[in-house]
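Since the structure is predicted, the reported quantities are computational estimates derived from the model, not experimental observations.
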Amino acid sequence: MRRRLVHLDLKGAAPRAPYLEQVLPLFRALGATGLLLEYEDTFPYTGPLEPLRAPHAYSPAELRAVLSRARAQGLDVVPLVQSFGHMEFVLKHREFAHLREVPALPNALNPHKEESLALVKAMIDQVMALHEGLEWLHIGCDEVYYLGEGEESKQWLQQPHNTPEKLCLAHIKAVASCVASSYPRVTPIVWDDMLRGMSEETLAESGVPQLVQPMIWDYAADLHVEAKVQLIEKYRRCGFSKVWFASAFKGATGANQSLTLIGHHLKNQLEWLEVASRTPPDVLEGGYSEKVKENVEKLLGMANLEIDTYMSTSVGTFPGSNILSLVTEVSFYLKSSVDELLERNRYVTGWFSPYHRKRKIIHPVIMHLFQPDAVSLLSKWNAVVQDLQAAMEQVFHPCAIEEWMEENVHPSLQKLQQVVDDLDEAIKAQN
């Protein structure tokens, strides 16, 4: 069976559990067969691991409801537990800071300490306890930056035949062996970027290919197809039983994207299909056509799904579609409309500049030429933002809403509000 997982990265702007339950049937209808759940600090860790748990972490009951809904939709679940790199959510805490590879940096785990492996095993055990009937467990292991730069690693690397590659593989093997020992029916998956540059000999001799399945990730719109084919062949020769592909993820076009450039993701998917067509026939199949686009539009309830721009003019009916519509409006028009009034309106720039505002000076005639526009614009955007706030509260936690509003709404809206307030003050001073 061909598996198609939707990767839900829950460490940033994690949706509320009821929203996840709402959107799972849509994933299934669009062709997904499972979920890759990257929990990080949203998992309800307990006991000594409780510090890892964010204030907005899911409760056990919420997770059980989501997982039950996934099973009802026929979706496999693959939890992702970071075990090497991307450990900031663990190592930032005082209780675990001594397990850092480099004391000043919380990103990577020190692979030399027995306590590091014990920590990872404890995290895995808690996650596994909430998940039934798993076939796979993703143990991360990507982007282990600064590996080999800790003092213990430097000493280890001075010994004959020791290399950073062997150090990396030794930790992956240790974690995978823990999984195999405690959960023999579960196969670990790892991101492949730390393995790509290793020789076939190094990989084969490590024993890692018999324990894990690599997930090759590349989010570019123009990934190197031939290089990917050669990489897959190398992994197969090394003894890996299965290779997974990871196509363009939500952060593929920027870390702070508010809207998705669908064209980038589509091109990436098509490139991966080209890779698949060059590998054994049991890997993957698919394609894209106007008929496919029409089917997707029907499922999303959208008259026209924009592919090559961020701007979507049609409102959908899928869960959260109202947020898409309002975020699009804010992203395209809030700043530009405020800038148009405050920086390009000659009555504002000429007769109500910062100099005039500071001294509360304004000509009554000039005031009437732009005050109605300013008040009207402020009223309009306050109403839009109020609607957006209400819509987002149905899906996101307050911390995510606060951050998005402060980054994308407040700078322009506060600037507009200040001008209206200054107008009122100037008018009072005149009177």
Could you walk me through whether Glu88 and Lys11 pass salt bridge (Lys or Arg N to Asp or Glu O under 4.0 Å), step by step? CA-CA 11 Å; Glu88 289 88 348; Lys11 65 176 174 285; over 6 Å; no
Quick one: does any side-chain atom of [X] pair with a main-chain N or O of [Y] as donor and acceptor, under 3.5 Å?
X	Y	value
Thr279	Ala276	yes
Gln213	Trp244	no
Glu297	Leu305	yes
Asp308	Gly263	no
Glu62	Ser59	yes
Thr349	Asn345	yes
Asn268	Ala220	yes
Arg3	Gly34	no

I need the minimum non-hydrogen distance between [X] and [Y], along with the two atoms involved.
X	Y	value
Val102	Gly150	CG2-N, 4.0 Å
Leu52	His93	CA-NE2, 4.0 Å
Arg28	Thr33	NH1-CA, 3.7 Å
Glu329	Lys380	OE2-CE, 4.0 Å
Trp156	Thr163	CZ3-O, 3.4 Å
Leu75	Ala32	CD2-O, 3.5 Å

For atom [atom1] of [X], decide whether the heavy atoms of other residues, nucleotides or ligands shown that lie under 6.0 angstrom number more than 12.
X	atom1	value
Arg344	CZ	yes
Glu114	CD	no
Lys335	NZ	no
Lys298	NZ	no
Glu95	CD	yes
Glu201	CD	no
Glu403	CD	no
Tyr146	OH	no

Look up atom [atom1] in [X] and atom [atom2] in [Y], then write down how far apart they are to the nearest 0.5 Å.
X	Y	atom1	atom2	answer
Asp41	Tyr58	CG	OH	10.5 Å
Ser153	Asn162	OG	CG	10.5 Å
His171	Glu101	NE2	CD	10.5 Å
Leu324	Leu259	CG	CG	6.5 Å
Tyr235	Arg196	OH	CZ	6.5 Å
Tyr333	Glu340	OH	CD	13.5 Å

No-hydrogen, no-angle side-chain donor-acceptor test under 3.5 Å, [X] and [Y]:
X	Y	answer
Ser412	Trp381	no
Glu393	Gln389	yes
Glu152	Asn110	yes
His112	Gln155	no

Under a 4.5 Å cut-off applied to non-hydrogen side-chain atoms, are [X] and [Y] in contact?
X	Y	value
Trp136	Met215	no
Ser182	Lys121	yes
Ile189	Thr187	no
Leu300	Ser321	no
Leu195	Val190	yes
Pro15	Leu10	yes
Ile262	Glu306	no
Leu26	Leu299	yes

Residue that, paired with Glu226, satisfies side-chain hydrogen bond (donor to acceptor under 3.5 Å, both in side chains) out of Lys228, Gln230, His224: Gln230
Stepwise, does the side chain to side chain contact (heavy atoms under 4.5 Å, CB included) test hold for Gln394 with Tyr19? CA-CA 8 Å; Gln394 298 300 308; Tyr19 177 77; over 6 Å; no
Met392/Asn322 under side chain to side chain contact (heavy atoms under 4.5 Å, CB included): CA gap, chis, key distance, verdict: CA-CA 9 Å; Met392 293 180 84; Asn322 54 342; over 6 Å; no
What verdict does the side chain to side chain contact (heavy atoms under 4.5 Å, CB included) test give for Leu203 and Leu169, after you've listed the backbone C-alpha separation in whole Å, the side-chain angles of each residue and the deciding distance to 0.1 Å? CA-CA 8 Å; Leu203 285 168; Leu169 290 167; 4.0 Å; yes
Walk me through it: do Glu50 and Arg53 pass the test salt bridge (Lys or Arg N to Asp or Glu O under 4.0 Å)? CA-CA 5 Å; Glu50 190 168 354; Arg53 184 176 181 168; 5.0 Å; no
Does [X] come within less than 4.0 Å of [Y], counting only side-chain N to carboxylate O?
X	Y	answer
Glu271	Lys267	no
Lys166	Glu205	no
Arg236	Glu233	no
Arg237	Glu200	yes

Please state whether the rings of Trp191 and Trp217 are parallel, tilted or perpendicular, taking 30° and 60° as the class boundaries.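 Aromatic pair Trp191/Trp217 classed perpendicular.
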Can you label the angle between the His131 ring and the Phe43 ring as parallel, tilted or perpendicular, going by 30° and 60°? parallel
Would His7 and Tyr219 count as a close aromatic pair, with their ring centres under 6.0 Å? no
Between Leu117 and Leu109, is the side chain to side chain contact (heavy atoms under 4.5 Å, CB included) condition met? List the steps. CA-CA 9 Å; Leu117 190 59; Leu109 193 66; over 6 Å; no
